[in-house]
Amino acid sequence: MDKSFDAAAAESRISDAWEANGCFKAGANAKPGAAPYSIMIPPPNVTGVLHVGHAFNNTLQDVLIRWHRMRGFDTLWQPGTDHAGIATQMVVERELAKQGKSRRDMTRAEFLNHVWAWKKQSGGTIVKQLKRLGASCDWSRLAFTMSGAPGAPAGEEGNFHDAVIKVFVDMYDKGFIYRGKRLVNWDPHFETAISDLEVENIETAGHMWHFKYPLAGGQTYEYVEKDADGNVTLSETRDYISIATTRPETMLGDGAVAVHPDDERYKPIVGMLCEIPVGPKQHRRLIPIITDDYPDPNFGSGAVKITGAHDFNDYGVAKRAGIPCYRLMDTRAHLRTDGAPYAEAARIAQEVANGARVLTEAEADALNLVPDHLRGLDRYAARQRVVDDITAEGLAVMTRADDPRLGKDALKPGAEGAETPVPLVEAKLITQPHGDRSKVVIEPMLTDQWFVDTARIVGPALEAVRSGRTRIMPEQHRKVYFHWLENIEPWTISRQLWWGHQIPVWYDADGAMYCAPTEAEAIAQSGGKPLTRDPDVLDTWFSSGLWPIGTLGWPEQTPELERYFPTSTLVSGFDIIFFWVARMMMMQLAVVGDVPFRDVYVHALVRDEKGRKMSKSIGNVLDPLELIDEFGADALRFTLTSMAAMGRDLKLSKERIAGYRNFGTKLWNAARFAEMNGCKPVAGFDPSAVTQTVNKWIVGETARVRIAHDEALSGYRFNDAAGALYAFVWGRVCDWYVEFAKPLLAEGDAGVVAETRATMAWVIDQCLILLHPTMPFITEELWGAIAPRDTMLVHAEWPSYGTDLIDAEADREMGWVIGLIEEIRSIRAQMHVPAGLKVQLLQVEIDARGQAAFARNAAMIERLARLSSVTPVAAMPKGAVTVAAEGAVFGLPIADLIDVAEEKARLEKTLEKLGREIAGLKGRLDNPKFVESAPEDIVDEARENLAARAAEAEKLAAALARLASIG
RNA sequence: GGGUGAUUAGCUCAGUGGUAGAGCGCUUCGUUCACAUCGAAGAUGUCGGGGGUUCAAAUCCCUCAUCACCCACCA
């Protein structure tokens, strides 16, 4: 065997062997009559490359799957990828752009061919990367959320598309899906609607302008402001109403100005008309001043302009008050260029405002109220023009340059100075919605879209978690889940993209809708009319919401669906609880009436060592593949598993991974030691039949760690499971058992040597088995290297031994031996005894139990404490250092080597510490309430502790006294 | 504006009622035949502040402070 594990060389070889032997296939290694255990992989984007988050998520899944597989469950880990509508279309369009091509120059079918071609070429990347991590998915079942879609090339067959379409049609028929013109989040970059969840609200520096809307016909009113006590603080005659806005360009689409019904300041003018201070003077529009509960009298001027087509709040007000919504922008958020010239549109709008005319929604939408000189401008360019125009006209509200409201980032055109009036433009932090993919500011847009009426299917999803039919762990995420579902809004599912599942709805010439799985059926429904299909596709999450049943063959009642659904565990990051987990719950319950999974384990985010989210722009991204290259997949996996404490973000650093790489090397060398000492696995070895104390002890320790590991993993406490294994392998097996075994193997009689070899081989095997779920590669390699085996380690039998292997007497004895060795080592180090020098141990007094323990383990103690001999003496000689152990006193005659003062200091320090402990224990035991109320075992433990500490203190006090007599 | 979580050794973090641990780092020593990707020994903590419950609090409750994240329509 080499000195260390060559991960780079071994990993691909081992991976190939696992796959070649079908080790990961559904049901592989299942015991007869085994219970199913299934996990659905969160499908990574087909465009994706493996990042640390994937590595984390999939490591945890693999640990669970490998553990269950070894335990003989009928396992399925279902892999696959997601077509990721927007993300993929974005990538392919970018690729096309490099070749000077654009989607707009080709037909839909042509573009989709490009996407499929791209998917074929690079869609397998992430799958290969998952394999490098060691993910033991049943790769023969690799699924894709667009398989079987029309236009899919050979090799992309499957029925996922059919399942998605069937669900859409069913939900449409039940009325769970509807179409309507609504204000939706519009991404001007991708030119599509997106759902609420795809919007990120980001606080950005912005401005709030204050403008005057003149009252129609030069009317005036007395504007009165009062303080909280009702004292008048301002009273003046005004011919305008002051409006504050962060988006002046939307003034063009105003349909009204709203004030709160209780706002005394504006009561005189409610019902009047005021003028929008933009556009050609001769066609300036007048709009009504209305009341609504929405305006907050304490914010801004208390008056809000109502632009129903470009603001969600305004939309609500407009709907309530019957104010028309005038759309100002096109799909790119440029001001509209279509429709009649401004003069004509403004005239019609004015008739509406005057109450002389009523527009239908469609008529209002067709009206382009953008003044001619602003048409075609980008929204931000338009904003500047509008502000300039109004300011030039003198309709900006003026204030003094030292007005604190202006803030340091306020726009202050013209002269500076406190006495100089400037337009009131407040510098303000504005929370603005951004597209999570495009990063551009979202424009609320009035468009026709498809929606899932989530309120109608949310009930069962709430109930399933409330009742515990599906468990969400850690518990805190239940609240998040409940909160979101209890306040759920309709889900916008249509996207104005080409890559995705096209909505199965057709329209006839009159606009009547026909929803059917195929065009032929839609035509039949219509009675044979010519139809055109809705061009939109479905939100990616609509199809991934069907991932559990879709991958198992639904709507066919396949054996896999029968066997593995509902799935056992879902492992997901908290960031997609709403996007994915909640929607899978709702949709599976709505479609097949059952929960998609029993347990949901929600893990945290991986961050960099400074706790920042990893992002390309910061440049702090750790590439898992590079980490695997550098440290091996096992090291990365063990690190992630060790850090997977529930509910907390984890900060990943290379140092930590290096530490666990070293752990692998440690294991490797323990196995190497075993090999070099002829420790071969013995068929039929019975761990309960060993006779040597040290062997009994390590067998018991092995049982302990198996129990601890399994309990931890059953509760999804991955870090505890990994920690227990680490402490056992390094802290018990390597630090002690291997060292104990050395003298036995070198000097023991034939029987002892044979038993120790067999035990050592067994212990190493147990280490490999127990570590395999977290460190599959190195353990598989060692498994094969140690001996010829019937099966690969991936299919080895998981042990079930329990506490019956723990021998209390062996435990106690080895605890005593280890304690004694540590004590002697500690004294040697503190007294500066040269490490290589062997010293004599004097046995001053020892009870029968200690005598026996010492005798059985003398060779080990001598070796590990570096003793030259052990000599019984009648009394502690002068100059010997006292070594106190339970039931015994030893001495180290190292007088000529030590400094009396130093030894005195050592004893005093130890005594002081003991004294504190004794005082604490005494204090508790002297308190009658403690003895009465505390559990018996706690009290007993305290008593035993006190006795042991007191005995030790006594011995050390004696030693100190003796030392004083010398000095 | 709501909500959730965090605050423990120099750093990163475990620890859900019994008197505080790990890894890394640090100090000293070590070429003992598995391993220097190692070994031995060691130092370092008013467990964020304050109050309460309890025989007993890092742990439960209240409060304050700071930080992080999520959700949210203040023009």
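Scope of the values below: all heavy atoms of this structure, side chains included, with no hydrogens, waters or symmetry mates. Sequence lines set the chain letters: A, B, ... in the order given, protein chains first and strands last, and positions in each chain run from 1.
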* **Proximal nucleotide (of B:A34, B:U37, B:C38) relative to the A:W730 side chain** => B:C38
* Asked: Looking at B:A75, B:C55, B:C69, which one has an atom nearest to any side-chain atom of A:K929?
  -> B:C55
* Identify whether any heavy atom of A:P928 sits under 4.0 Å from a base atom; if not, whether one sits that close to sugar-phosphate; answer base, sugar-phosphate or nothing. => nothing
* Could you tell me whether A:R828 contacts a base, only the sugar-phosphate backbone, or nothing, with contacts defined as non-hydrogen atoms closer than 4.0 Å? => nothing
* Is A:D634 reaching over with its side chain to a backbone N or O of A:F777, donor-acceptor style, under 3.5 angstrom? -> yes
* Would you mind telling me which of B:G5, B:G18, B:C29 lies closest to the side-chain atoms of A:I938? => B:G18
* Please work out if A:S933 contacts a base, only the sugar-phosphate, or nothing of the nucleic acid, heavy-atom cut-off 4.0 Å. => base
* What nucleotide, of B:U4, B:G30, B:U12, holds the atom closest to the side chain of A:K479? -> B:U4
* Could you tell me whether the phosphate oxygens of B:G42, OP1 or OP2, come under 4.0 Å of any side-chain nitrogen or oxygen in A:S826? => yes
* **Electrostatic pair A:E739-A:K742, nearest N-O below 4.0 angstrom** => yes
* Heavy atoms under 4.0 Å, any strand shown: does A:N927 hit a base, just sugar-phosphate, or nothing? -> sugar-phosphate
* C1' atoms of B:C11 and B:G52, separation to the nearest Å -> 34 Å
* To do: Report yes if a side-chain nitrogen or oxygen of A:N669 is closer than 4.0 Å to either non-bridging phosphate oxygen (OP1 or OP2) of B:U37; otherwise report no.
  => no
* To do: Identify whether any heavy atom of A:E739 sits under 4.0 Å from a base atom; if not, whether one sits that close to sugar-phosphate; answer base, sugar-phosphate or nothing.
  => base
* What is the nucleic acid contact for A:R661, judged by heavy atoms within less than 4.0 Å: base, sugar-phosphate only, or nothing? -> base
* Could you check which residues of residues 310-317 of chain A get a heavy atom under 4.0 Å from RNA chain B? Sort them by number, please. => A:N313
* Asked: Can you tell which of B:U12, B:C55, B:A41 lies closest to the side chain of A:R656?
  -> B:U12
* Structure fact -> Checking B:G42, B:A14, B:G23 against the side chain of A:Y726 (C-beta onward), the nearest is B:G23
* If you check every side-chain atom of A:R825, which of B:A75, B:A40, B:G23 has the closest atom? -> B:A40
* Choose from B:C35, B:C73, B:C55 the nucleotide whose nearest atom is closest to any side-chain atom of A:K666. => B:C35
* Determine the Euclidean distance between corresponding C1' atoms of B:G48 and B:U7; express it in Å to zero decimal places. => 6 Å
* With a non-hydrogen cut-off below 4.0 angstrom, is A:K838 in contact with a base, only sugar-phosphate, or nothing? -> nothing
* To do: Check if the side chain of A:E426 and the base of B:A75 share a donor-acceptor pair of N or O atoms closer than 3.5 Å.
  => no
* To do: Indicate the ring-plane relationship of A:W484 and A:F578, choosing parallel, tilted or perpendicular according to the 30° and 60° boundaries.
  => parallel
* Any donor-acceptor pair under 3.5 Å between the side chain of A:R924 and the base of B:U19? -> yes
* Asked: If a stem is a run of at least 3 consecutive Watson-Crick or G-U pairs, both distances under 3.5 Å, which stems include RNA chain B?
  -> B:1-7 with B:65-71, B:10-13 with B:21-24, B:26-30 with B:38-42, B:48-52 with B:60-64
* To do: Between B:C67 and B:G21, how far apart are the P atoms? Round to whole Å, please.
  => 32 Å
* Selected nucleotide, minimal atom distance to A:T665 side chain, candidates B:C35, B:U37, B:A75 -> B:U37
* Hey, are A:E912 and A:R916 close enough for a salt bridge, meaning a charged N less than 4.0 Å from a carboxylate O? -> yes
* Asked: With a 4.0 Å cut-off on heavy atoms, is A:Y294 in touch with a base, just the backbone sugar-phosphate, or nothing at all?
  -> base
* What nucleic acid atoms does A:G302 come within less than 4.0 Å of, heavy atoms only: base, sugar-phosphate, or nothing? -> base
* Among B:A34, B:A36, B:C55, the nucleotide that comes nearest once only the side chain of A:K3 is considered -> B:A36
* If you measure only the distance, is there a donor-acceptor pair under 3.5 Å linking the side chains of A:E198 and A:S195? -> yes
